[in-house]
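Numbers here simply count residues along the sequence, with the first being 1.
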Amino acid sequence: MSTRIAFLKGHGTENDFVIVPDPENTLDLPPAAVAALCDRRAGIGGDGLLHVVRSAAHPEARDMAAEAEWFMDYRNGDGSVAEMCGNGVRVFARYLQRAGHAVEGDLAVATRGGVKTVHLAKNGDVTVGMGRALLPEGEVTVRVGERSWPATHVNMGNPHAVAFVDDLAHAGDLHTAPPVAPATAYPDGVNVEFVVDRGLGHVAMRVHERGSGETRSCGTGACAVAVAAARRDAADPAVTGTPATYTVDVPGGTLVITERSDGEIEMTGPAVIVGEGEIDLAWLENATR
């Protein structure tokens, strides 16, 4: 048995990930192991982990194998399982390209949020078809200290609460999850976005991602922000018949989000592989005891 496990490190607008290729799904990656790998001081460091598995080899993805050869088994930095990660899909696709499993052009990737269509462009950008947003009914409020704001509940395959604020500093340190009411709106936790306007069709955001804390970027969060902004700006493409495009600044860079008139959302941004190496299996076993 090998005493080492191959890994890579990548990021999309500085939302960074440990990438573990495991085509036949032979590795045991319990939450404690994922958290140890994502630890920024004692491990490799990352906002999350991309477990790269062939769809046919994973029980959660076998039904999608006919549409997508590869499954993104995504884990948050604390080891918990997540439905989707928009930046993660771009980095996942970049890894597949680097490994010779994909070429420039279109690619299908299976996720817990469904099969996503990815386009690897010649200029290095990656565009992901993020599907349609759902806007569940009900009022939601986000609070930080003595301030509170109404929030828009947007589901992008994972849940988001989007709050428009006057100053991004009002979000606080975002080390812990901002309280959201009612708690019953998000039984499995929620990603919370704080948003300010930068200009016409241009916003900036900070985000607390459940299971990870504040991150430098969140792809599904940027999509949720664009959807919420379009509704606020009376620019719902389903009503106007015209696509709505927003430039979304995140601490780690910029994403461009377009919601088409049929409701489909596309996200475009960079994806970079920064290095690769090997994980010492003995260290990993000791770290999880």
Side-chain angles (χ1 to χ4, degrees), residues 11-17 47-48 76-77 82-91 125-128 130 133-135 140-145 147-180 186 189-233 235-236 244-259 265-271:
H11 77 91
T13 50
E14 298 182 11
N15 194 189
D16 62 335
F17 309 96
D47 293 322
N76 293 313
E83 301 91 341
M84 243 296 285
C85 175
N87 288 318
V89 173
R90 296 201 320 279
V91 175
D125 279 347
V126 183
T127 297
V128 181
M130 300 290 288
L134 298 176
L135 286 85
V140 179
T141 301
V142 174
R143 179 170 57 82
V144 176
R147 293 187 175 94
S148 64
W149 304 268
T152 303
H153 182 176
V154 182
N155 193 295
M156 286 298 308
N158 56 359
H160 297 266
V162 180
F164 291 91
V165 299
D166 294 327
D167 189 327
L168 290 179
H170 292 166
D173 59 29
L174 291 183
H175 293 322
T176 57
V180 178
Y186 304 105
V190 63
N191 305 289
V192 182
E193 287 80 25
F194 296 86
V195 188
V196 296
D197 288 300
R198 290 285 189 247
L200 183 64
H202 189 180
V203 297
M205 61 174 265
R206 289 177 61 197
V207 58
H208 176 95
E209 289 196 62
R210 57 176 182 169
S212 298
E214 181 171 16
T215 59
R216 299 284 292 172
S217 180
C218 176
T220 56
C223 293
V225 164
V227 168
R231 304 308 182 271
R232 180 201 62 173
D233 298 341
D236 180 353
T245 296
Y246 283 83
T247 297
V248 182
D249 294 337
V250 295
T254 297
L255 296 167
V256 177
I257 313 298
T258 296
E259 184 180 8
I265 297 169
E266 295 179 338
M267 173 185 62
T268 299

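Here the side chains of Met84 and Met156 are not in contact, with every heavy-atom distance at 4.5 Å or above. Counting only heavy atoms from C-beta outward, the side chains of Glu209 and Asn15 approach each other to under 4.5 Å. Taking 4.5 Å as the limit, every side-chain heavy atom of Tyr186 sits out of range of all side-chain heavy atoms of Val192. Taking the side chain as every heavy atom from C-beta outward, Val207 and Val250 never approach each other to under 4.5 Å. Considering only heavy atoms from C-beta on, His160 stays 4.5 Å or farther from Val225 through its side chain.
Looking at Asn191, its side chain does come within 3.5 Å of a backbone N or O of Pro159 through a donor-acceptor pair. Formation of a donor-acceptor pair under 3.5 Å by the Asn155 side chain with backbone atoms of Gly157 is found in this model. Between the side chain of Arg210 and the backbone N or O of Val190 there is no donor-acceptor pair closer than 3.5 Å. In this structure, the side chain of Ser217 does not engage the main chain of Gly252 through any donor-acceptor pair within 3.5 Å. At least one donor-acceptor pair closer than 3.5 Å links the side chain of Arg90 to the backbone N or O of Pro270.
What you find for Ser148 and Thr141 is that their closest heavy atoms are CB-CG2, 3.9 Å. A pairwise comparison of heavy atoms in Ala230 and Ala244 identifies CB-CB, 4.3 Å as the closest pair. Across all their heavy atoms, Val142 and Ala161 have their closest contact at CG2-CB, 4.1 Å. For the residue pair Gly269 and Leu255, the shortest heavy atom distance occurs at CA-CD2, 3.9 Å. Contact between Ala222 and Met205 at its shortest, heavy atoms only, is CA-SD, 3.8 Å. Nearest heavy atoms, Ser212 versus Asn76: OG-CB, 4.0 Å.
With rounding to the nearest 0.5 Å, the separation of CD in Glu193 from NE2 in His208 is 10.5 Å. We find the CZ-NE2 distance between Phe17 and His11 to be 10.5 Å, quoted to the nearest 0.5 Å. Distance check, rounded to the nearest 0.5 Å: CG of Asn158 to SG of Cys85 gives 8.0 Å. The OG1 atom of Thr215 lies 10.5 Å from the CZ atom of Arg206; values are rounded to the nearest 0.5 Å. Note: Thr152 OG1 to Leu135 CG = 7.5 Å, rounded to the nearest 0.5 Å.
Thr268 pairs with exactly one of Thr127, Thr254, Thr258 by the side-chain hydrogen bond (donor to acceptor under 3.5 Å, both in side chains) rule, that one being Thr127.
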Distance-only donor-acceptor hits, side chain of residues 162-177, under 3.5 Å, sequence neighbours excluded:
unit_1: Asp167; atom_1: OD1; unit_2: Ala169; atom_2: N; d: 2.8
unit_1: His170; atom_1: NE2; unit_2: Arg147; atom_2: NH2; d: 3.4
unit_1: Asp173; atom_1: OD1; unit_2: His175; atom_2: N; d: 2.9

*May I have the step-by-step check of side chain to side chain contact (heavy atoms under 4.5 Å, CB included) for Glu14 and Asp47, ending in yes or no?*
CA-CA 9 Å; Glu14 298 182 11; Asp47 293 322; over 6 Å; no

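By the salt bridge (Lys or Arg N to Asp or Glu O under 4.0 Å) test, Arg198 pairs with no residue at all, sequence neighbours left out.
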